[in-house]
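Structure, as structure tokens:
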Number of protein chains: 2
Amino acid sequence: MNIAPMPPGRPKAFDSTEALRAALQVFWAKGFAATSIGDLTDATGLGRQSLYNEFGDKQKLFAAAIQNYRQCETATMASILRKEASTAERIREFFRVALDAHFDGHRRGCFLTSSIAIRSEIEPELAQLMDEAVNDLRRAFVKCIQDGIDSGEVSANMDPEALGMLFFTQAQGISVVGKCQRDRATLDRSIEALLATLK
Amino acid sequence: MNIAPMPPGRPKAFDSTEALRAALQVFWAKGFAATSIGDLTDATGLGRQSLYNEFGDKQKLFAAAIQNYRQCETATMASILRKEASTAERIREFFRVALDAHFDGHRRGCFLTSSIAIRSEIEPELAQLMDEAVNDLRRAFVKCIQDGIDSGEVSANMDPEALGMLFFTQAQGISVVGKCQRDRATLDRSIEALLATLK
DNA sequence: TCTATTTTTTACCAAACAGTCAAAAATACT
DNA sequence: AGTATTTTTGACTGTTTGGTAAAAAATAGA
């Protein structure tokens with residue numbers, strides 16, 4: 001495998017995905033409409049023109065941020081639901097990690113959840129992108145339930161689509177509720193109550 | 001009881017709460033940051049100056065919209081949880097009404113849910129307002145569970161705070177998920193699965 | 001009809017906005 | 001060293017923004 005030959009012209013003074021991650025943080029913290037190009041150049045360190053050269057306009061950059069979030073954060077969370085463990089244990093771990101990240105850190109909730117909540121601020125073409133990204137997680141929940149049915153852990157009478165949707169919706173809800181509810185213990189107990197549906 | 005004496009000066013050409021409701025619709029549809037004063041004057045029919053005279057600035061108007069939503073929509077939904085029926089039946093009815101309104105109508109989700117999701121767009125003083133408003137609903141769920149425990153319908157081993165939080169979070173989640181999930185039937189079945197936690 | 005008071009209308013402002021252009025700077029290749 | 005190519009810099013544009021000022025219009029009471 002050859003190393004890519006150096007292209008002619010002045011080399012870029014920034015790392016593209018690093019800049020994208022910085023932009024994502026701003027969109028995540030402020031939302032699409034409330035984020036200005038100035039906010040983005042500040043956060044990325046890129047000059048205005050460099051930002052436009054690299055990512056196109058504000059909306060294209062937002063789309064790229066969604067994609068990056070999907071590939072990094074969403075994929076990581078979904079992978080928890082595919083671990084080698086019982087269905088209940090995987091789901092418990094999912095919510096534990098989600099709540100840890102939330103309460104120990106940013107308290108910003110899921111970027112996709114917030115983006116969907118304000119989707120009307122943005123163009124409809126982006127809506128589809130958000131739907132696809134968030135559906136990765138829903139499908140992962142459904143698959144996790146199905147695994148439990150296959151292994152006999154979960155009753156075969158159960159409806160994996162409905163149960164998957166239930167857990168998925170709860171995850172979305174927590175992303176919102178976590179912003180205005182600082183009592184984590186009650187949220188932990190509510191998840192334990194939810195896990196009882198598997199029995 | 002006397003009728004209010006007509007004040008001096010030119011009479012207002014609009015109804016204040018009617019204008020507020022129109023403004024609420026715009027904020028609900030577009031979000032705070034993406035709503036311009038022009039959008040608001042268009043929707044209310046008020047002149048720019050009349051809008052400022054009546055409601056103060058954009059943020060104060062948004063606060064008034066939240067209050068109105070709390071008193072109308074949130075209160076109506078919470079009252080379903082206090083009806084004369086079993087705990088399970090009240091909750092089932094709650095979600096039925098919520099999903100009916102969503103899928104038959106605007107598909108905009110709960111105004112409070114969306115506002116909380118983008119709360120960083122707005123001033124922190126408004127955050128408290130949103131928290132209080134949405135907590136009305138959480139408390140209504142807790143009370144509904146407690147009623148079930150008192151009547152013997154729900155096991156006394158259950159934790160009403162945790163279960164109330166569970167249902168409340170699910171309601172918030174549905175408000176988001178409903179925007180990108182057009183399969184209502186699965187949502188209905190997920191609610192039935194959730195109601196099984198009461199047994 | 002005149003005065004006091006309030007709302008409406010119209011015009012306006014400075015700031016912020018998204019996006020563009022053209023010149024300057026930095027590199028690879030010859 | 002010179003040329004081709006690309007990125008960076010900094011200025012610029014027309015528009016939209018939230019908010020305000022002042023005059024015009026509409027009413028009650030005298």
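Below, each value reflects all heavy atoms present in this structure, side chains not excepted, and no hydrogens, waters or symmetry copies. In what follows, every chain begins at residue 1, and chains take the letters A, B, ... in the order their sequences are listed.
Between B:Tyr52 atom OH and C:dC12 atom P there is a gap of 18 Å when expressed in whole angstrom units. Rounded to whole Å, atom P of D:dT9 lies 17 Å from atom CD1 of A:Ile37. D:dG18 atom C1' lies 13 Å from atom CG of B:Asp39, rounded to whole Å. In this structure, B:Glu123 places its CD atom 14 Å from P of D:dG18, rounding to the nearest Å.
At a cut-off of 3.5 Å, with distance as the only test, no side-chain donor of B:Ser190 or B:Asp188 sits close to an acceptor on the other residue. Residues A:Glu132 and A:Gln128 bring a donor and an acceptor atom of their side chains to less than 3.5 Å of each other. Residues B:Gln172 and B:Arg138 bring no donor and acceptor atom of their side chains to less than 3.5 Å of each other.
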Please report the C-alpha distance between A:Lys143 and A:Asp150 in whole Å, then the side-chain angles of each, then the deciding distance to 0.1 Å, and finally whether the salt bridge (charged side-chain N to carboxylate O under 4.0 Å, His left out) criterion is met. CA-CA 10 Å; A:Lys143 179 67 162 51; A:Asp150 293 345; over 6 Å; no
Should A:Asp147 and A:Arg90 be marked as a salt bridge (charged side-chain N to carboxylate O under 4.0 Å, His left out) after you check the CA-CA gap, both sets of side-chain angles, and the distance that decides it? CA-CA 11 Å; A:Asp147 289 350; A:Arg90 289 185 218 173; 3.0 Å; yes
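For the contact set between residues 21-35 of chain B and DNA chain C, defined by any heavy atom under 4.0 Å, there are no members. Applying a 4.0 Å cut-off to non-hydrogen atoms, none of the residues of residues 56-63 of chain B approaches DNA chain C.
For the side-chain contact (heavy atoms from CB on, under 4.5 Å) test, residues two or more places apart in sequence or in another chain that qualify with A:Asn157 are A:Ser155. Listed by chain and residue number, nothing satisfies the side chain to side chain donor-acceptor pair (under 3.5 Å) test with B:Arg10 (two or more places apart in sequence, or in another chain).
Sorted by first and then second residue, the pairs that involve residues 44-84 of chain A and meet ring-ring contact (aromatic ring centres under 6.0 Å, His included), not counting sequence neighbours, are A:Phe27-A:Phe62, A:Trp28-A:Tyr69, A:Phe32-A:Phe62, A:Phe62-A:Phe111, A:Tyr69-A:Phe111.
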Return the polar atom pairs (N/O with N/O) between nucleotides 7-11 of chain C and the protein under 3.5 Å, or none.
from  : atom 1 : to      : atom 2 : distance (Å)
C:dT7 : O4'    : B:Arg10 : O      : 3.3
C:dT8 : OP1    : B:Ala13 : N      : 2.6
C:dT8 : OP2    : B:Ser50 : OG     : 2.8

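Here CG of B:Asp57 is found 9.0 Å from CG of B:Leu61. Values are rounded to the nearest 0.5 Å.
Taking the six-membered ring where the residue is Trp, the centroids of A:Phe94 and A:Phe141 are separated by under 6.0 Å.
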